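Given the structure is predicted, the values throughout are model-derived calculations rather than measurements. These values consider heavy atoms only, across backbone and side chains, with no hydrogens, waters or symmetry-generated copies.
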Amino acid sequence: MLRRLCATAGLGVAILAGAAGFVVANMDRTCKACDDFYKYANGGWMKKNTIPPQYPEWGPALIMFERTEQRLHEILEAAAANRSAAGSNEQKIGDYYATCMDTKAIEEKGLKPLNGDLERINAIHDNASLLETGARLQAQGTGVLFGYGSDQDFADSTQVIGEVRQGGLGLPDRDYYTRDDEKSKELRKQYVEHMTKMFVLMGDAKPKAAAEAQTVLGIETSLAKASLNNVDLRDPQKNYHKMSVADAQKLTPHWNWDAYFAAIGSAKLSDMNVSQPEFFKAMDGLLASVPLEDWKTYYRWQLIHRSARLLSDPFVQENFNFTGRVLEGTTEMRVRWRRCSATVDDGLGEALGQVYVEKYFPPAAKARVLAMVRNLLAALNEDLNTLEWMSPETRRAAAQKLQAFALKIGYPDKWRDYSKLKIDRESYAGNAFRATEFENARDLAKIGKPVDHTEWGMSPPTINAYYNPQLNEIVFPAGILQGVIFDPDRDDSYNYGAIGSIIGHEITHGFDDQGAQFDPKGNLKNWWTEQDLKNFQGRGECIAKQFDGFEVEKGLHENGKLVEGESIADLGGLTISYAAFEKSMEGKPREKDANGFTPEQQFFLGYAAASAAILRPEFARLLANTDPHPLPEFRVNGPFSNMEAFQKAFGCKKGDPMVREDVCKIW
């Protein structure tokens with residue numbers, strides 16, 4: 001999956017100028033290609049541009065977000081003005097957008113949209129009412145204590161089961177609570193100050209609010225200490241613990257699971273996956289030891305933390321002050337229509353996506369991308385037959401998995417039904433809560449039923465892509481198939497470097513440190529011989545070790561184990577995309593373009609151009625701590641320094657920084 005990028009307001013210098021070739025002015029020729037290719041390809045652009053105050057990062061690829069947001073804006077403005085038939089998708093997206101844009105009504109309501117939930121929290125008097133209120137808050141998207149939802153059974157990929165998983169934190173990751181360095185301490189201090197200000201806005205006196213903030217920090221720290229770190233969360237073996245509800249009840253005697261299922265609107269379960277048993281043991285201990293008044297304070301915080309963006313301006317501003325300024329380094333909030341467009345896409349993505357696809361995703365684009373996907377699948381299949389480290393037995397199993405890949409391009413074959421979701425022009429917060437409750441109810445209704453292979457995990461306008469190992473599928477929404485990543489008018493040399501490498505990236509996720517543990521049908525099942533698995537894991541360790549060496553800032557390095565899967569996919573994607581590109585060039589002249597670049601060089605320049613970005617230091621730290629994707633410069637220089645094809649294309653020699661002695665190679 002691509003790292004999620006923020007939306008943009010415009011682009012200072014376009015990275016491309018038509019289909020003729022690469023824009024040389026965006027390069028930095030003072031930096032040699034074999035010293036630092038990322039700066040060589042993008043340094044000129046990086047020198048000419050600064051990050052706009054509304055964003056934590058900036059880059060040429062983000063122009064797609066500007067284009068997509070403008071398109072969604074036009075669709076939503078038209079829907080809001082049209083007053084379509086009640087119950088239609090157009091009415092729902094139009095009314096949702098209109099209530100988000102109605103700042104006068106939002107300001108008049110202030111904190112009132114939360115009054116009902118705040119009264120329920122205040123009325124908590126025992127563990128039963130704590131459980132019931134917590135379930136209601138979870139149903140509308142407030143992340144108290146833990147998460148509950150459906151998941152495909154790791155041991156039986158045909159069935160959907162219930163799953164509970166660790167959660168309940170207000171900071172981005174458990175390590176923010178446990179690290180003892182000065183920056184982490186300072187950030188926790190700022191978090192407490194932020195909570196204090198929020199409690200004051202909710203009507204509490206400052207001394208009380210400050211004490212409440214410390215109470216919340218204490219509860220969240222206890223939950224964090226019991227949580228798996230983000231590396232262990234990537235290991236499916238460590239997160240699959242299917243057990244009977246009776247055994248889960250023994251694990252948490254102070255939390256009544258049958259009562260919880262009834263309160264949240266789930267069917268009664270006989271078994272479920274308790275993803276992190278130790279977390280739930282610790283949670284149960286807290287339920288026994290933490291006073292009810294402290295839990296009520298924690299619930300109030302989680303409610304306002306989830307809902308602040310839906311309320312009047314003081315809440316919105318203070319929420320941005322911490323999540324935007326402190327965590328990401330952003331200095332200015334995005335304009336409201338952009339935030340509202342994103343909200344509707346998040347809540348009614350397939351309703352909005354239907355209109356988007358009809359207007360902006362032609363069948364020809366889908367056909368060309370589908371052809372490229374098939375070419376890359378064929379390239380990997382050929383590569384499997386040449387791997388000296390893989391035995392015939394494992395090679396056959398890998399080929400079977402590859403042949404079983406499901407391909408989803410552009411948009412779903414079956415659109416989501418929103419007919420039972422009520423959206424009106426009465427309340428923005430009300431619409432947001434109902435949209436979340438609708439989605440959660442839809443998710444819980446899948447438990448106990450066969451897996452639906454037509455379902456999508458992203459909306460069509462989304463500028464991203466993913467591989468799902470449990471469905472053994474690769475998915476490319478229409479939103480990503482445009483701009484700097486895919487241009488149907490450009491030559492194959494560029495498109496294979498940009499979108500081709502992303503397609504290859506998603507394909508090779510089927511064989512990364514996570515995907516390799518699932519069989520062709522999506523079961524968590526070993527299909528490797530013992531020696532082949534050792535060989536594969538050793539090659540993954542090589543990549544993890546390389547990325548451990550990349551320094552984000554003084555004292556902070558990439559976490560090689562965290563980014564191992566995405567980095568395996570980057571290197572694998574580039575390798576098979578280059579092989580497919582070379583095959584597409586058979587019998588064709590290999591002429592240099594107007595700027596003197598060979599087709600091979602354009603391939604690598606295309607990938608680098610799509611990866612360019614400038615990041616604020618705060619945002620870079622946030623990503624390094626939480627994101628399984630490496631930072632952009634490492635996603636270019638890391639895999640390229642392992643690739644003989646890159647070194648040949650640019651004449652790099654032994655001893656150059658872009659030529660590694662400890663080469664990592666999988667495919």
Looking only at side-chain N and O atoms, does Gln482 offer a donor or acceptor that is under 3.5 Å from a partner on Thr68?
yes
Within the distance-only criterion (no hydrogens, no angle test), does the side chain of Gln166 pair as donor or acceptor with the backbone N or O of Leu228 below 3.5 angstrom?
yes
Minimum side-chain heavy-atom gap Phe476-Ile502 below 4.5 Å:
yes
Do Tyr467 and Asp512 have side-chain atoms, one donor and one acceptor, less than 3.5 Å apart?
no
Less than 4.5 Å apart, any side-chain heavy atom of Leu615 and any of Pro632?
yes
Is it true that Asp173 and Thr626 share a donor-acceptor pair across their side chains at a distance under 3.5 Å?
no
Within the structure provided, determine whether Ile409 and Leu481 are in side-chain contact (heavy-atom separation under 4.5 Å).
yes
Quiz question: by atom type and distance under 3.5 Å, do the side chains of Asp548 and Asn559 form a donor-acceptor pair?
no
Pairs involving residues 359-399, ordered by first then second residue, that meet ring-ring contact (aromatic ring centres under 6.0 Å, His included) (sequence neighbours left out)
Tyr356-Tyr360
Find the distance between CG (Asp417) and CZ (Arg442) and round it off to the nearest 0.5 Å.
10.5 Å
Is Glu163 close to Ser150 at the side-chain level, that is, under 4.5 Å between some pair of heavy atoms?
no
Close side-chain approach of Pro461 and Pro477, heavy atoms under 4.5 Å
no
Just by distance, no angles: are the side chains of Asp656 and Gln647 close enough, under 3.5 Å, to form a donor-acceptor pair?
no
Please check if any side-chain donor atom of His509 sits under 3.5 Å from a side-chain acceptor atom of Gln514, or the reverse.
no
Do the side-chain N and O atoms of Thr454 and Asp452 include a donor-acceptor pair separated by under 3.5 angstrom?
yes
Hey, do the aromatic rings of Tyr578 and Phe603 have their centres closer than 6.0 Å?
yes
Is it true that Asp156 and Lys242 have a side-chain N and a carboxylate O under 4.0 angstrom from each other?
no
What I'd like to find out is whether the side chain of Asn273 reaches to under 4.5 Å of the side chain of His241, using heavy atoms alone.
yes
Between Trp667 and Phe511, how do the two ring planes meet: parallel, tilted or perpendicular, split at 30° and 60°?
perpendicular
Side chains of Glu633 and Asn637: is there a donor and an acceptor less than 3.5 Å apart?
no
Test side-chain contact (heavy atoms from CB on, under 4.5 Å) applied to Leu562 and Phe547, step by step
CA-CA 10 Å; Leu562 176 61; Phe547 278 82; over 6 Å; no
Can you find a heavy atom in the side chain of Phe640 that is under 4.5 Å from one in the side chain of Leu574?
yes
Could you tell me whether a side-chain N or O of Thr394 sits under 3.5 Å from a main-chain N or O of Ser391, the two making a donor and an acceptor?
no
Between Phe650 and Phe646 (judged by ring centroids, cut-off 6.0 Å), do the two rings come close enough to count as a pair?
yes
Hey, do the aromatic rings of Tyr496 and Tyr607 have their centres closer than 6.0 Å?
no
Distance only, no hydrogens: is a donor on one side chain within 3.5 Å (strictly under) of an acceptor on the other, for Gln70 and Glu66?
yes
Set of side-chain hydrogen bond (donor to acceptor under 3.5 Å, both in side chains) partners for Asn239, sequence neighbours left out
Gln276
Apply the test side-chain hydrogen bond (donor to acceptor under 3.5 Å, both in side chains) to residues Arg635 and Ser611: give CA-CA distance (whole Å), side-chain angles for both, the deciding distance (0.1 Å), then the verdict.
CA-CA 8 Å; Arg635 296 189 77 174; Ser611 303; over 6 Å; no
Side-chain (Lys366) to main-chain (Pro362) donor-acceptor, under 3.5 angstrom
no
Pairing donors with acceptors under 3.5 angstrom, does anything connect the side chains of Asp345 and Ser459?
yes
Within the 4.5 Å heavy-atom criterion, are Lys449 and Val160 side-chain neighbours or not?
no
